[in-house]
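Letters A, B, ... are given to chains in the order of the sequence lines, protein chains preceding strands, and every chain is numbered from 1.
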Amino acid sequence: MKLNLKIWRQNGPQDKGEMKTYPIDGVDGDMSFLEMMDMLNNQLVESGESPVAFDHDCREGICGMCSLYINGEAHGPDRGVTTCQLHMRKFNDGDTIYIEPWRAKAFPVIKDLVVDRSSFDRIMNSGGFVSVNTSGNTVDANSIPIPKDDADKAFEAATCIGCGACVASCKNASAMLFVSAKVSQLSLLPQGKVEAKERVLNMVQTMDDEGFGNCTNTGACEVECPKGISLENIARMNREYLKGALTK
Amino acid sequence: MSVLDSKIPEGPIDRKWSDYKNKIRLVNPANKRNIDVIVVGTGLAGGSAAASLAELGYNVKAFCFQDSPRRAHSIAAQGGINAAKNYQGDGDSVFRLFYDTVKGGDYRSREANVHRLAEVSASIIDQCVAQGVPFARDYGGLLDNRSFGGVLVSRTFYAKGQTGQQLLLGAYSAMSRQIGKGKIRMYTRHEMQELVVVDGKARGIIARNSVNGELERHSAHAVVIASGGYGNVFFLSTNAMGSNVSANWKIHKKGAQFANPCFTQIHPTCIPVSGENQSKLTLMSESLRNDGRIWVPKNIEDVEAIKQGTKKPTDLTEDERDYYLERRYPSFGNLVPRDVASRAAKERCDAGYGVNATGEAVYLDFAAAIERYGKEQAHVQHVESPTAEDIYKLGKGVVEGKYGNLFQMYYKITDDNPYETPMKIYPAVHYTMGGVWVDYNLMSTIPGCYVAGEANFSDHGANRLGASALMQGLADGYFVLPYTIGDYLADDIRTGAIPTDTTEFDEAENAVRSHLERLIDVQGTKSVDYFHKRLGKVMWNNVGMARNEKDLNSAILEIQNIRNEFYSNVRIPGKIDELNPELEKAGRVADFLELGELMAIDALSRNESCGGHFREESQTPEGEAQRKDDEYGYVASWEYSGNPSEPKLHKEDLVFENIKLVQRSYK
Amino acid sequence: MALTGLFLCLFLVGHLLGNLQLIFITGEEGKVAFNEYAYFMTHNPAVKVLSYLTYFSILFHAIDGLMLTIQNKKARPTNYAMNKPNTNSSTPARYMAILGTVVLVFICTHMVNFWAKMHFTNMPLHTITKSIEAPVGQDPTTGQPVVKELEVDYVYTTNGQYQESKVSLAEMNYSEEKYEIKKGTMLYDKTSGLKVAEGLKDLHSQVMTFFGQDIKGLPSNSNALLYVILYVLSMAVLGFHLWHGFSSAFQTLGLRSKKYVGAISMAGKLFAVIIPAAFAIIPILIYLA
């Protein structure tokens with residue numbers, strides 16, 4: 001199929017940037033979106049133009065590195081997938097496709113479609129862990145039974161891949177879904193409960209300091225999340241936060 | 001004369017590690033503060049090593065090329081992690097895990113290393129649970145296990161189909177804690193370009209900051225390489241796009257020997273190649289083989305009919321199907337080790353029974369499992385005389401609970417619903433057992449340069465069992481390296497900070513700069529991918545699932561040609577001092593173009609079939625792999641001679657004192 | 001936001017119950033009930049506390065909302081060239097700030113029209129005109145007192161009685177004024193100078209005048225239709241605001257869990273429809289009456 005790509009080009013963090021149009025032909029429905037981008041880039045390279053920079057790595061929807069805002073939606077029109085899992089069969093011959101980077105103050109553009117998501121790491125550094133040393137001299141793994149339901153919920157929260165689609169699709173560029181997933185995971189498990197209060201207070205503080213917006217519960221994040229992380233986690237984090245703020 | 005000293009401690013196998021730990025030198029906490037360690041790579045091995053070393057008190061500098069340490073490709077491991085916990089009471093033990101791993105590796109791994117791995121495996125699970133890794137649990141709240149290929153016990157711990165992700169995020173969280181404390185300095189979007197060797201010891205690296213292209217000098221008292229495997233030499237593999245051999249290759253060229261490079265694992269259950277523009281292959285977890293049955297049609301006419309679209313796989317009756325794994329290997333059936341399953345698929349497809357357009361696909365069918373589980377559930381839920389539809393519904397629910405995310409992934413990629421029609425799968429490059437040669441301490445032949453995880457060669461022999469890679473990565477990082485590196489660093493307590501303004505650093509940086517300039521100055525006509533794809537085809541066709549002398553020889557020549565053409569006709573737009581993904585790719589492909597040749601040379605020199613390495617010249621009359629322990633019972637360790645085409649072979653003889661070598665049989 | 005929002009939801013319910021007297025109780029009884037209610041709402045100390053809480057809530061809700069909106073705008077300095085937010089979120093959820101601003105404007109005008117008048121102006125008192133037989137003199141022939149039917153206005157007082165009001169009596173030239181009104185509502189005995197009773201401000205008529213068309217005994221209001229329309233539109237906006245706001249508040253307070261999410265969302269939607277609709281129906285009925 002033939003497509004008309006409108007892609008954000010920005011040469012560096014200080015560059016103003018603009019949308020540029022690239023027609024592309026010979027796209028096949030079985031190609032993934034990023035393979036289509038590869039094809040475009042190979043054409044650009046061989047014709048002497050500069051290829052479009054975009055983040056990607058595992059190409060199986062788990063590393064969370066790919067990050068495009070495609071036709072007005074994070075990771076494109078399909079649900080429950082990352083951009084690398086989006087296939088061109090979701091588009092039609094002759095379509096115009098807008099491709100933009102994540103837009104958020106906390107995710108500044110580095111080049112073209114590549115953004116800096118290190119703010120997520122800094123939030124994690126402020127509390128996204130259990131303070132246990134790595135000696136292996138902990139208690140036996142089966143000494144604390146964990147109700148299956150809690151373990152399953154913790155797992156579901158823990159499947160967050162940190163891609164930032166939640167921030168990108170939130171009208172407020174809020175990182176609540178991301179932060180709440182980690183807070184939920186650890187607050188649901190006995191191992192994480194010990195420092196639950198400090199964790200939630202510190203992580204929320206860092207999140208605010210990084211310049212993310214506030215949660216107004218529009219639910220866009222949950223819909224666009226490639227891993228289907230539930231809004232329930234945000235409610236749980238709010239609960240944990242209130243508990244922490246009132247009793248600490 | 002071999003220069004390889006594996007430094008295996010004396011004593012009985014089950015005492016070696018604990019005795020050794022009791023004897024090695026320790027560094028006092030106050031001195032650890034004055035010692036820097038560089039860790040390249042933040043996957044399971046690198047991440048856990050960085051966190052543990054920082055925990056111990058060393059100043060750690062960690063590097064990854066991704067934008068966050070959480071994205072390392074360990075994250076994509078699906079199935080699980082082995083540990084000799086024997087929670088199921090099915091007869092598992094440290095010895096049995098050790099035995100299975102050595103046997104699974106087709107007796108090409110080092111006994112002492114594997115035994116140590118089995119010993120620490122249980123601690124890994126304890127450690128991860130303490131970190132909040134949400135492993136699957138049963139209704140009693142205790143940890144659940146499943147079975148994996150090549151073993152007869154259930155020792156695999158898992159978190160649905162995302163075990164690697166959960167373990168990596170566990171290691172990442174341990175790192176995050178140390179980053180927050182300032183004990184780890186994290187350098188993301190940095191790629192190691194060169195190892196700096198001072199007075200024969202690894203003392204630092206040159207790294208390129210991908211954001212601005214700057215070349216940076218980083219010094220340390222020891223360097224740990226944990227940069228993963230080199231499966232991307234095949235272009236199409238289940239590795240991440242960025243996975244590369246460069247860190248390994250740079251230290252190889254600086255003196256670290258590269259062991260068993262030809263041992264690559266071709267994973268049997270991947271989604272088949274769909275077209276020319278494909279950039280990577282997606283794995284379907286081996287755990288699917290617990291419940292899925294692999295088959296192709298018995299009659300070639302049915303194959304044709306399916307290809308024409310006149311018949312659907314579900315139209316075929318049971319006796320029109322050839323469940324070839326169950327037929328050939330009745331005792332292990334669909335759970336034979338990966339190398340065996342892959343070759344069996346290739347055998348059927350080569351015979352013309354492949355079921356997709358390219359003739360390179362077999363079926364993985366869940367209909368029987370859905371029915372079995374459905375009946376079980378009907379019984380549990382007291383459904384009186386359930387209809388076929390009830391059974392399907394109930395069974396589908398169970399299968400969805402176990403493999404839902406994998407099925408969805410398959411559906412998204414292929415547009416086929418695997419609940420209704422069997423999945424199509426085909427083997428794909430997945431893991432590399434070979435890697436930098438290391439001794440018992442995980443130190444390479446360069447003093448102070450350690451190699452951990454998939455990047456080293458040590459534990460999996462010629463074939464890795466499912467759920468062992470995660471085990472090895474974390475064992476190396478959490479429980480082995482932190483001890484063994486201390487023994488080395490004990491000599492460095494008075495060294496003080498390593499300066500970076502020395503000639504060694506100057507030379508290393510200049511070498512990197514001129515290499516990058518050479519690449520960018522070619523200004524030819526073809527993109528990097530063009531060369532990478534060509535290399536990949538040569539590797540897959542000649543150094544893939546089955547190898548022979550003629551093809552290997554022609555591969556060596558072809559790779560040399562491609563390499564020459566690469567340096568005369570590659571086109572890399574942009575500059576060195578900016579974010580330049582094409583330049584990054586070019587650097588990696590340049591190294592693959594040298595590694596590929598070494599792999600072919602290694603495969604050529606090993607005229608036996610073992611594990612993932614199948615030489616057509618060496619097979620039993622039934623077409624099974626024929627090992628030659630007398631001739632090839634060694635680790636082939638290659639030294640870089642200055643010319644990639646002329647590596648020098650060293651041998652480390654493998655001595656088996658605790659396991660009797662037998663021809664592997666899964667019949 | 002959530003706490004004040006939910007408190008304001010409660011306020012809405014209370015306010016609505018009060019307002020519903022306007023249509024459910026008719027005639028003088030309704031007038032009495034409503035004006036007594038209005039008096040209660042302005043004089044009861046407990047209500048006073050609640051009302052201050054309400055003013056605070058409105059202010060806090062508005063100011064905090066404004067500040068959050070500013071922060072949220074800053075969190076995304078560059079907008080998307082192509083954005084399809086309607087694929088992932090409801091429209092009211094995305095326009096809470098605008099909806100809230102409209103509601104705030106409404107509240108202000110609403111307060112100017114009713115609340116401020118009630119609090120700060122000398123609004124006419126609740127009066128009723130009754131016919132009485134009053135002696136207007138003596139028959140010169142019989143010496144019998146002459147009794148005449150007279151229309152007399154009475155002020156309805158806070159103690160629930162009708163007191164003769166001065167105005168009409170003075171016109172009748174019947175007797176000297178008995179009472180005078182001071183401070184807007186206070187009835188004083190003219191002769192003794194003592195406070196006799198307190199009249200009720202006639203908010204009921206104020207409302208009826210505002211929304212009604214040519215109701216007997218009340219001044220006509222040519223803008224009534226416009227006011228009704230604006231009021232109904234405002235209620236629609238309020239409904240949209242609540243459509244998202246109600247359940248959102250539960251989410252913010254962490255009171256939403258998988259088990260109750262359906263119930264809360266349903267309750268929120270019912271609340272968002274029923275409450276504003278009930279408010280809106282009142283002026284419509286008054287207008288049509």
Side-chain angles (χ1 to χ4, degrees), chain A residues 6 8 10 16-19 69-74 77 79 96-109 153 165 167-175 208 210-225 230-232 234-243, chain C residues 1-3 5-6 61 64-100 240-265 268:
Chain A
K6 289 190 181 291
W8 180 260
Q10 180 175 340
K16 206 163 154 282
E18 57 175 337
M19 298 296 287
Y69 210 75
I70 300 163
N71 264 358
E73 285 184 83
R79 290 285 173 258
T96 294
I97 306 178
Y98 283 79
I99 308 170
E100 297 175 74
W102 285 172
R103 295 280 187 208
K105 185 181 161 214
F107 289 168
V109 173
K153 274 189 190 149
V167 175
S169 41
C170 175
K171 77 174 190 61
N172 310 326
S174 166
D208 290 343
E210 289 290 342
F212 290 102
N214 304 286
C215 179
T216 54
N217 305 323
T218 65
C221 52
E222 183 187 43
V223 176
E224 298 291 350
C225 174
S230 164
L231 282 185
E232 207 188 342
I234 296 185
R236 189 177 293 111
M237 175 161 91
N238 289 337
R239 211 151 58 224
E240 292 285 325
Y241 185 83
L242 280 176
K243 235 194 286 178
Chain C
M1 291 300 280
L3 281 176
L6 282 182
H61 202 76
D64 196 31
L66 181 70
M67 276 165 32
L68 290 177
T69 307
I70 292 169
Q71 277 177 11
N72 292 345
K73 289 281 167 218
K74 275 192 193 155
R76 172 160 298 134
T78 316
N79 282 321
Y80 293 107
M82 165 62 93
N83 201 6
K84 289 182 185 158
N86 50 337
T87 55
N88 55 38
S89 52
S90 75
T91 310
R94 281 178 279 118
Y95 291 96
M96 287 302 272
I98 291 172
L99 294 171
F240 283 118
H241 196 73
L242 290 170
W243 183 266
H244 174 69
F246 188 90
S247 56
S248 172
F250 281 85
Q251 167 81 355
T252 300
L253 293 173
L255 298 172
R256 205 183 94 136
S257 69
K258 215 163 226 163
K259 200 167 172 187
Y260 303 112
V261 60
I264 290 172
S265 141

Colleague: Looking at chain A, which one of C:Gln71, C:His244, C:Met82 has the largest number of heavy-atom pairs inside 4.5 Å, strictly under?
Modeller: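 Option with the greatest count: C:Met82.
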
Colleague: Looking at C:Ala2, C:Ser90, C:Pro77, which makes the most heavy-atom pairs under 4.5 Å with chain A?
Modeller: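 Most pairs with chain A among the choices: C:Pro77.
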
Colleague: Tell me whether A:Asn172 contacts the main-chain N or O of C:Asn72 through its side chain, where contact means a donor paired with an acceptor under 3.5 Å.
Modeller: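 Side chain of A:Asn172 to backbone of C:Asn72, a donor-acceptor pair under 3.5 Å: no, none is there.
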
Colleague: Top residue by heavy-atom pair count (under 4.5 Å) with chain C, among A:Tyr69, A:Phe107, A:Phe212?
Modeller: A:Tyr69

Colleague: Counting only non-hydrogen atoms closer than 4.5 Å, does A:Pro77 touch chain C with its backbone (N, CA, C, O), its side chain (CB onward), both, or neither?
Modeller: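 Neither; nothing under 4.5 Å.
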
Colleague: Tell me whether A:Glu100 contacts the main-chain N or O of C:Ala81 through its side chain, where contact means a donor paired with an acceptor under 3.5 Å.
Modeller: yes

Colleague: Are any side-chain N or O atoms of A:Arg103 and backbone N or O atoms of C:Arg76, one a donor and one an acceptor, separated by less than 3.5 Å?
Modeller: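 Flag not set: sc A:Arg103 to bb C:Arg76 has no pair under 3.5 Å.
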
Colleague: Looking at chain C, which one of A:Leu231, A:Thr216, A:Asn214 has the largest number of heavy-atom pairs inside 4.5 Å, strictly under?
Modeller: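 Between A:Leu231, A:Thr216, A:Asn214, the count favours A:Asn214.
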
Colleague: Looking only at heavy atoms and a cut-off of under 4.5 Å, which of A:Lys171, A:Met19, A:Arg79 has the most pairs with chain C?
Modeller: A:Lys171

Colleague: May I ask you to check whether over 12 heavy atoms, not counting those of C:Phe240, lie within 6.0 Å of atom CZ?
Modeller: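 No, CZ of C:Phe240 has 12 or fewer neighbouring heavy atoms, counting only those of other groups under 6.0 Å.
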
Colleague: Flag the one option from A:Asn217, A:Ile70, A:Val167, A:Val109 with the top tally of heavy-atom pairs under 4.5 Å to chain C.
Modeller: A:Asn217

Colleague: Heavy-atom pairs under 4.5 Å with chain C are the metric here; pick the option from A:Ala74, A:Cys170, A:Gly17 that has the most.
Modeller: A:Cys170

Colleague: Measure distances from C:Lys73 to the heavy atoms of chain A and classify the residue's part below 4.5 Å as side chain, backbone, both or neither.
Modeller: neither

Colleague: Return the CZ to OG distance between C:Arg256 and A:Ser230, rounded to the nearest 0.5 Å.
Modeller: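 So the gap between those two atoms works out to 6.5 Å.
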
Colleague: Tell me every residue that passes side chain to side chain contact (heavy atoms under 4.5 Å, CB included) with A:Asn71, counting only those two or more places apart in sequence or in another chain.
Modeller: A:Phe91, A:Ile97, A:Tyr98, C:Lys84

Colleague: Check the side chains of A:Glu73 and C:Asn88 for a donor-acceptor pair under 3.5 angstrom, ignoring hydrogens and angles.
Modeller: no

Colleague: Determine the minimum heavy-atom distance between C:Ala75 and A:Gly211, stating which atoms define it.
Modeller: CB-O, 3.5 Å

Colleague: May I have the list of side-chain donor-acceptor pairs in residues 234-243 of chain A shorter than 3.5 Å, sequence neighbours left out?
Modeller:
residue	atom	partner	partner atom	Å
A:Arg236	NH1	A:Ser184	OG	3.1
A:Arg236	NH1	A:Asn233	OD1	3.0
A:Asn238	ND2	A:Ile234	O	3.4
A:Asn238	ND2	C:Gln251	O	3.0
A:Asn238	ND2	C:Thr252	O	3.3
A:Arg239	NH1	C:Gly254	O	2.8

Colleague: When heavy-atom pairs shorter than 4.5 Å are enumerated against chain A, which of C:Met1, C:Lys258, C:Met96 gives the highest number?
Modeller: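 Looking at each option in turn, the highest pair count goes to C:Lys258.
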
